[in-house]
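One structure below.
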Amino acid sequence: EVQLVESGGGLVQAGGSLRLSCVASGLSLDDYGVGWFRQAPGKEREGVSCISSRSRSTLYADSVEDRFTISMSRTVTKATVYLQMNGLKPEDSAVYYCALRPGSDWDSLNRNDYRYWGQGTQVTVSS
């Protein structure tokens, strides 16, 4: 069974940095995509970034382009996906989730394309 566990969230001042980690275990797939999503109180969950396991192609939301970087390291049954967040802004505050979807023919920030989800990690950016 696929399991996703996020870590690395916390409280940081505006302009600071955090690195989130997502460990995906129980993988029996070779081709999959992993995405980072976030949800602030009262708002819908939105896609932040994603990466594909084979091509390592990436996609970013406009709001985080040039500030966030996604990367992946993997073995046959496990993958760790990082989200390096620099130049954080108060509007980046949210619960951050990682998610996984089988296949990576295209990059997607649509939450409906993802099948497995982690429990989330809180990121709070103070002004």
Quiz item: So how far is it from Arg56 CZ to Ile51 CD1, rounded to the nearest 0.5 Å?
Solution: 6.0 Å
Exercise. Test Ser93 against Thr124 for side-chain hydrogen bond (donor to acceptor under 3.5 Å, both in side chains), laying out the working first.
Key: CA-CA 5 Å; Ser93 297; Thr124 303; 5.2 Å; no
Quiz item: Are there more than 12 heavy atoms of other residues, nucleotides or ligands under 6.0 Å from atom CD of Gln13?
Solution: no
Quiz item: At their closest point, which heavy atom of Cys98 faces which heavy atom of Leu4, and how far apart are they?
Solution: O-CD1, 3.7 Å
Practice problem: Look up atom CG in Leu109 and atom OH in Tyr114, then write down how far apart they are to the nearest 0.5 Å. | Solution: 6.0 Å
Quiz item: Do the non-hydrogen side-chain atoms of Asp31 and Asp105 ever get within less than 4.5 Å of each other?
Solution: yes
Exercise. State whether Arg101 and Asp107 are salt-bridged, where the test is any N-O pair (Lys NZ or Arg NE/NH1/NH2 against Asp/Glu carboxylate O) under 4.0 Å.
Key: no
Exercise. Check whether Tyr60 and Val125 end up in the same hydrophobic cluster, where Ile, Leu, Val, Met, Phe, Trp and Tyr are linked by side-chain heavy atoms less than 4.5 Å apart.
Key: yes
Quiz item: Can the positive tip of Arg111 be found less than 6.0 Å from the middle of the six-membered ring of Trp117, inside 45° of the ring normal?
Solution: no
Quiz item: Hey, are the side chains of Leu20 and Thr121 touching, using non-hydrogen atoms and a 4.5 Å cut-off?
Solution: yes
Quiz prompt | side chain to side chain contact (heavy atoms under 4.5 Å, CB included) assessment of Cys50 paired with Val34 | solution = CA-CA 6 Å; Cys50 64; Val34 178; over 6 Å; no
Quiz item: Measuring from Arg54:CZ to Met72:CE, what's the distance to the nearest 0.5 Å?
Solution: 12.5 Å
Practice problem: Using a 4.5 Å cut-off on heavy atoms from C-beta on, say whether the side chain of Leu27 contacts that of Arg74. | Solution: no
Quiz item: Of all heavy-atom pairs between Gln122 and Ala94, which one has the smallest distance, and what is that distance?
Solution: NE2-O, 3.4 Å
Quiz item: Any side-chain heavy-atom pair from Ser21 and Glu6 closer than 4.5 angstrom?
Solution: no
Practice problem: For residues Met85 and Val48, determine if any side-chain heavy atom of one lies less than 4.5 Å from a side-chain heavy atom of the other. | Solution: no
Quiz item: Between atom SG of Cys22 and atom CG of Leu100, what is the distance when rounded to the nearest 0.5 Å?
Solution: 8.0 Å
Exercise. Could you walk me through whether Tyr82 and Ser73 pass side chain to side chain contact (heavy atoms under 4.5 Å, CB included), step by step?
Key: CA-CA 9 Å; Tyr82 302 97; Ser73 65; 4.2 Å; yes
Quiz item: With side chains defined as the heavy atoms from C-beta onward, is the minimum distance between Ser126 and Val12 less than 4.5 Å?
Solution: no
Quiz prompt | Linked, directly or transitively: Leu18 and Tyr97 (ILVMFWY side chains, under 4.5 Å) | solution = no
Quiz item: If every non-hydrogen atom of Ser104 is compared with every non-hydrogen atom of Ser53, which pair is closest and at what distance?
Solution: OG-N, 4.5 Å
Practice problem: Give the cluster check for Val123 versus Val95: same hydrophobic cluster or not, with ILVMFWY residues linked at side-chain heavy-atom distances below 4.5 Å. | Solution: no
Quiz item: Does Ser49 reach the main-chain N or O of Leu59 with its side chain, forming a donor-acceptor pair under 3.5 Å?
Solution: yes
Self-check item: Same apolar cluster (I L V M F W Y, side chains within < 4.5 Å links), Tyr32/Tyr116
Solution: yes
Practice problem: Write down the atom of Arg38, the atom of Ser63, and the distance for their closest heavy-atom approach. | Solution: NH2-OG, 3.5 Å
Quiz item: For the residue pair Gln84 and Ser17, what are the closest heavy atoms and their distance?
Solution: NE2-CB, 3.9 Å
Practice problem: Mind checking the CG-OG spacing from Leu83 to Ser71? Nearest 0.5 Å is all I need. | Solution: 8.5 Å
Exercise. Quick one: closest heavy-atom pair of Gly87 and Asp92, and the distance?
Key: O-OD2, 4.4 Å
Quiz prompt | Distance flag, aromatic centroids of Phe68 and Trp36, threshold under 6.0 Å | solution = no
Practice problem: Identify whether Phe37 and Val81 are in the same connected component of the hydrophobic contact network (ILVMFWY, side-chain heavy atoms under 4.5 Å). | Solution: no
